[in-house]
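Quick note on labels: first sequence line is chain A, next is B, and so on, each numbered from 1. All of these numbers come straight from a predicted model, not from anything done at the bench.
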There are 2 protein chains.
Amino acid sequence: MLKTVIEMDKAATILKLLGDKTRLTMVKILDKHDCCVCEFVEIFKTSQPSISQHLRKLRDVGLVKEERRGQWIFYSINKTNEYYPFIQQLLDQLPSQDHKLKELEEQGTRIVCC
Amino acid sequence: MLKTVIEMDKAATILKLLGDKTRLTMVKILDKHDCCVCEFVEIFKTSQPSISQHLRKLRDVGLVKEERRGQWIFYSINKTNEYYPFIQQLLDQLPSQDHKLKELEEQGTRIVCC
DNA sequence: TGCGTATATAAGCAATTAATTATATGATGA
DNA sequence: TCATCATATAATTAATTGCTTATATACGCA
């Protein structure tokens, strides 16, 4: 089995980023589904700037990437990031957050927006 | 394979704790070797209170435990902690920090103190 | 072209964090 | 019992973080 090793500095940086419940949940969701900003605003019941700022931090270290689709900007996990295997192993130990997206669908919020 | 799942809250708390280079390195070292406070002071070239405070945080969430041996207090990983499997998987992806202890031995600092 | 929607960025502020300095506690050994 | 060593705790301070409010940008549509 290939053992990937990550430097301590980089690991600490990534863990610090993920050591925030909002960002950790975002990344867990994004690992399975692309999402746009307004969905996160709904899910976390917080302000749009707050969400944007969290996403920016994740983007700055390359964990997620953005892509414009018409009016919306979708975020997705950057699987080509050299540290993706590191976080993937971590995410696998977290409970699925699919129910959060399901709630949006039930509210109609997911469809309306994206 | 048994899949252990950890709640998001708890995971975020632990990741935040480990998202500090000093604490992450401490835990990585402790995963293989017990250490006393004065060794960490040497390794990290920082003040004793600073080291004590980091250890306290790790102790407060149960990741490490302390044990007095005569004059010294040794810290070790708490393998019975319910979140140990979570961090173990993470630690396995980090480079060994044995060289740091080796340096102490070469300096004689390890033996003198502990 | 002008308006509404989605998102990003900037500035300000309150809360949290990590380090320092000073002091307390507890064990050892003369 | 007193001095010393190892460690913990407390108080202070500077730096960092995350949120809010306000504003800017960029797209889609009438």
Tell me: [atom1] of [X] to [atom2] of [N], nearest whole Å?
X: B:Phe74; N: D:dA6; atom1: CZ; atom2: C1'; value: 11 Å
X: B:Glu42; N: D:dT7; atom1: CD; atom2: P; value: 12 Å
X: B:Phe40; N: D:dA8; atom1: CZ; atom2: P; value: 11 Å
X: A:Glu67; N: C:dA8; atom1: CD; atom2: P; value: 13 Å
X: A:Ile73; N: C:dT5; atom1: CD1; atom2: P; value: 17 Å
X: A:Ile51; N: C:dT9; atom1: CD1; atom2: P; value: 15 Å
X: A:Asp60; N: C:dA8; atom1: CG; atom2: C1'; value: 12 Å

Considering residues at least two apart in sequence or located in another chain, which fulfil the side chain to side chain donor-acceptor pair (under 3.5 Å) criterion with [X]?
X: A:Gln48; result: A:Ser52
X: A:Asp31; result: A:Tyr84
X: A:Lys16; result: none
X: B:Glu7; result: B:Tyr83

One should read off an interatomic distance between B:Leu91 CG and B:Gln93 CD, to the nearest 0.5 angstrom, of 9.5 Å
Among the nucleotides D:dT7, D:dT17, C:dT7, whichever has the atom closest to the side chain of A:Lys57 is D:dT17
Presence of [X] side-chain N/O under 4.0 Å of [N] phosphate oxygens OP1/OP2:
X: B:Thr46; N: C:dA18; value: no
X: B:His54; N: C:dA19; value: yes
X: A:Tyr75; N: C:dA6; value: no
X: A:Arg56; N: C:dA8; value: no

Residues passing the salt bridge (Lys or Arg N to Asp or Glu O under 4.0 Å) test with A:Lys79, sequence neighbours excluded, are none
Sorted by chain and number, sequence neighbours left out, salt bridge (Lys or Arg N to Asp or Glu O under 4.0 Å) with B:Lys21 holds for A:Asp9
List the atom pairs, with distances to 0.1 Å, where a side-chain N or O of residues 55-66 of chain A and a protein N or O form a donor-acceptor pair under 3.5 Å, not counting sequence neighbours.
{"unit_1": "A:Arg56", "atom_1": "NH1", "unit_2": "A:Asp60", "atom_2": "OD2", "d": "3.1"}
{"unit_1": "A:Glu66", "atom_1": "OE1", "unit_2": "A:Tyr75", "atom_2": "OH", "d": "3.2"}

In B/S/- notation (B base, S sugar-phosphate only, - none; protein heavy atoms under 4.0 Å), nucleotides 21-30 of chain D written 5' to 3' is BB----SS--
Expected list for residues 7-26 of chain A near DNA chain D, using heavy atoms below 4.0 Å, is A:Lys16, A:Asp20, A:Arg23
Closest non-hydrogen atoms of A:Pro85 and A:Glu82, given as atom of the first, atom of the second and distance, are CD-O, 3.6 Å
